[in-house]
2 protein chains.
Amino acid sequence: MTYTYDYPKPSVTVDCVVFGLDAEHDLKIMLIQRGVEPFKGEWALPGGFVKLDESLEAAAFRELKEETGVEEIFLEQLYTFGTPDRDPRDRVITVAYYALINLSDHPIHAQTDAEDVAWYSIQELPKLAFDHDQIIAAASERIKGKLRYEPIGFELLPKKFTLTQLQKLYEQVLGMQLDKRNFRRKILKMDLLIKLDEMQTGVAHRAARLYSFNEGKYQELKRAGFNFEL
Amino acid sequence: MTYTYDYPKPSVTVDCVVFGLDAEHDLKIMLIQRGVEPFKGEWALPGGFVKLDESLEAAAFRELKEETGVEEIFLEQLYTFGTPDRDPRDRVITVAYYALINLSDHPIHAQTDAEDVAWYSIQELPKLAFDHDQIIAAASERIKGKLRYEPIGFELLPKKFTLTQLQKLYEQVLGMQLDKRNFRRKILKMDLLIKLDEMQTGVAHRAARLYSFNEGKYQELKRAGFNFEL
DNA sequence: ACAAAAGTGTTTAGTCTACACCCATGC
DNA sequence: GCATGGGTGTAGACTAAACACTTTTGT
């Protein structure tokens with residue numbers, strides 16, 4: 001007995017809130033200008049319909065790659081939005097994901113002529129299609145809460161970074177100033193950073209030491225019951 | 001121009017992981033025995049198809065009421081499960097919710113003859129339909145993580161409770177022993193409990209003082225930047 | 001030599017942890 | 001009177017917060 005359920009079905013899409021840090025340590029979100037109706041010409045999150053034979057996460061990765069060329073980035077499910085009237089034409093449920101990317105390693109560009117890709121500061125978002133403003137608000141809350149308890153901030157930085165870059169990132173996302181000495185002492189005491197034999201170059205002042213995140217050691221400590229907290 | 005999107009569509013369901021504390025301070029999950037195919041006769045989470053004109057949360061509340069008679073309980077979205085083969089017959093995406101309930105205030109009973117409702121301890125679950133074991137695992141993780149940082153534990157207790165009941169709940173969910181004096185000092189210092197002029201009755205030892213949770217004050221403190229943490 | 005950011009310790013207040021005994025009640 | 005859980009304080013270890021100057025480098 002194989003049949004398909006005969007209930008009327010909603011459409012299901014995935015949408016991605018992609019965060020990136022620009023050169024001035026500003027947290028930005030990637031938006032695309034829609035080339036098709038509805039909301040043609042307005043800004044929206046990258047996303048699209050889930051195919052019947054792909055997982056939700058696979059759909060999110062696929063859409064990101066198709067629309068922005070981005071691959072191999074940190075991606076996690078955020079929340080599922082399903083108010084009946086969130087799409088003007090049809091019942092559409094969207095499973096939202098959020099992604100973290102470091103801009104220096106991932107150049108972004110529109111993949112189709114009909115769409116444009118741009119980075120917008122969270123404080124200065126344009127008018128958005130659908131309920132994408134709500135999705136972005138939820139994603140901002142999530143990243144803010146998560147940054148304290150999981151080492152996800154490193155996803156936003158280049159592989160080699162300075163302690164000041166890391167601190168600026170935390171200050172930016174958490175929206176508060178942090179004490180330099182206390183911040184350094186705390187993060188270094190966790191012993192999750194690898195002190196590299198390499199310095200910053202091309203700066204007009206004393207060059208800072210570069211560090212990288214020890215992902216393997218973190219996984220090991222986590223299994224042993226360690227909790228990252230900053 | 002009104003048309004509906006013409007992609008092939010998955011089915012969308014909601015499933016609910018309902019947690020309750022029994023009289024022995026054991027954390028249990030409510031399961032129903034399926035009366036229909038697929039997995040007829042096996043145990044599963046209460047849930048069902050989302051109607052086209054209702055929100056996801058409304059669907060979860062409706063299914064809970066229809067299948068178990070439960071109303072007005074704490075309910076929050078958990079995660080959306082969408083592996084292509086999680087339902088043997090059709091592509092079904094399920095938006096999972098978790099709920100917290102206090103058993104003394106909410107008697108539970110099957111609403112249809114074809115289905116049976118029962119409470120199972122998390123440690124002794126029966127074989128489950130679909131991927132409901134994974135959904136339950138995710139819900140257990142969530143509640144464990146959330147209990148520390150949000151006052152959701154009170155949803156599992158009667159409105160009036162003793163400090164020992166509260167402590168036992170935390171010990172049960174977190175899976176660790178807590179020190180009685182430290183626990184009491186910490187929770188009382190937050191000043192979120194109302195000390196009632198009422199004592200426990202019907203116990204064969206010194207009666208404990210009853211307390212209730214001050215929800216209004218919590219909301220107020222939260223707005224002012226206070227973070228619950230235990 | 002100066003501008004700009006890197007790097008580095010100490011003191012103080014507050015919080016967390018471990019720990020043991022008397023109290024009230026019902027049987 | 002005894003069994004059962006209720007209720008209470010303190011000392012020592014640790015953690016968090018506040019705070020300012022010297023060093024290095026490029027221009």
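Only heavy atoms go into these numbers, but all of them, side chains included; no hydrogens, no water, no symmetry mates. Chain naming here is simple, since letters A, B, ... match the order of the sequence lines and numbering starts at 1 in each.
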Considering non-hydrogen atoms only, spot the tightest contact between B/Phe213 and B/Phe161 and give its length. N-CE2, 3.8 Å
Identify the 5'-most and 3'-most nucleotides of DNA chain C with at least one atom closer than 4.0 Å to a non-hydrogen atom of chain B. C/dT17 to C/dG26
Per-nucleotide protein contact along nucleotides 18-27 of chain D, 5' to 3', at a 4.0 Å heavy-atom cut-off (B base, S sugar-phosphate only, - neither), is BBB--BBBS-
In terms of heavy-atom contacts, B/Met30 and B/Leu45 come closest through O-CD2, 4.5 Å
Does atom NZ of B/Lys146 have more than 12 heavy-atom neighbours from other groups under 6.0 Å away? yes
Round to a whole Å and report the spacing from CG of A/Leu188 to P of D/dA16. 15 Å
Can a salt bridge be assigned to the pair B/Arg34 and B/Glu42 using a cut-off of 4.0 Å between side-chain N and carboxylate O? no
Measuring from atom OH of A/Tyr79 to atom OH of B/Tyr79, what distance do you get when rounded to the nearest 0.5 angstrom? 14.5 Å
Donor-acceptor contact below 3.5 Å, side chain A/Gln172 vs main chain A/His25: yes
What nucleic acid atoms does A/Arg209 come within less than 4.0 Å of, heavy atoms only: base, sugar-phosphate, or nothing? sugar-phosphate
Kindly state which residues belonging to residues 158-177 of chain A come within less than 4.0 angstrom of DNA chain C, counting heavy atoms of the residue only, listed by number. A/Thr164
Does B/Gln165 reach the main-chain N or O of B/Thr162 with its side chain, forming a donor-acceptor pair under 3.5 Å? yes
Examine distances only and state if a side-chain atom of B/Arg209 and a backbone atom of B/Met199 form a donor-acceptor pair shorter than 3.5 Å. no
Output the distance between atom NZ (A/Lys168) and atom CG (A/Leu27), rounded to the nearest 0.5 Å. 15.0 Å
Just how far, in rounded Å, is P of D/dG6 from OH of B/Tyr211? 12 Å
Inter-residue atom distance A/Phe39.CZ - A/His132.NE2, 0.5 Å rounding: 8.5 Å
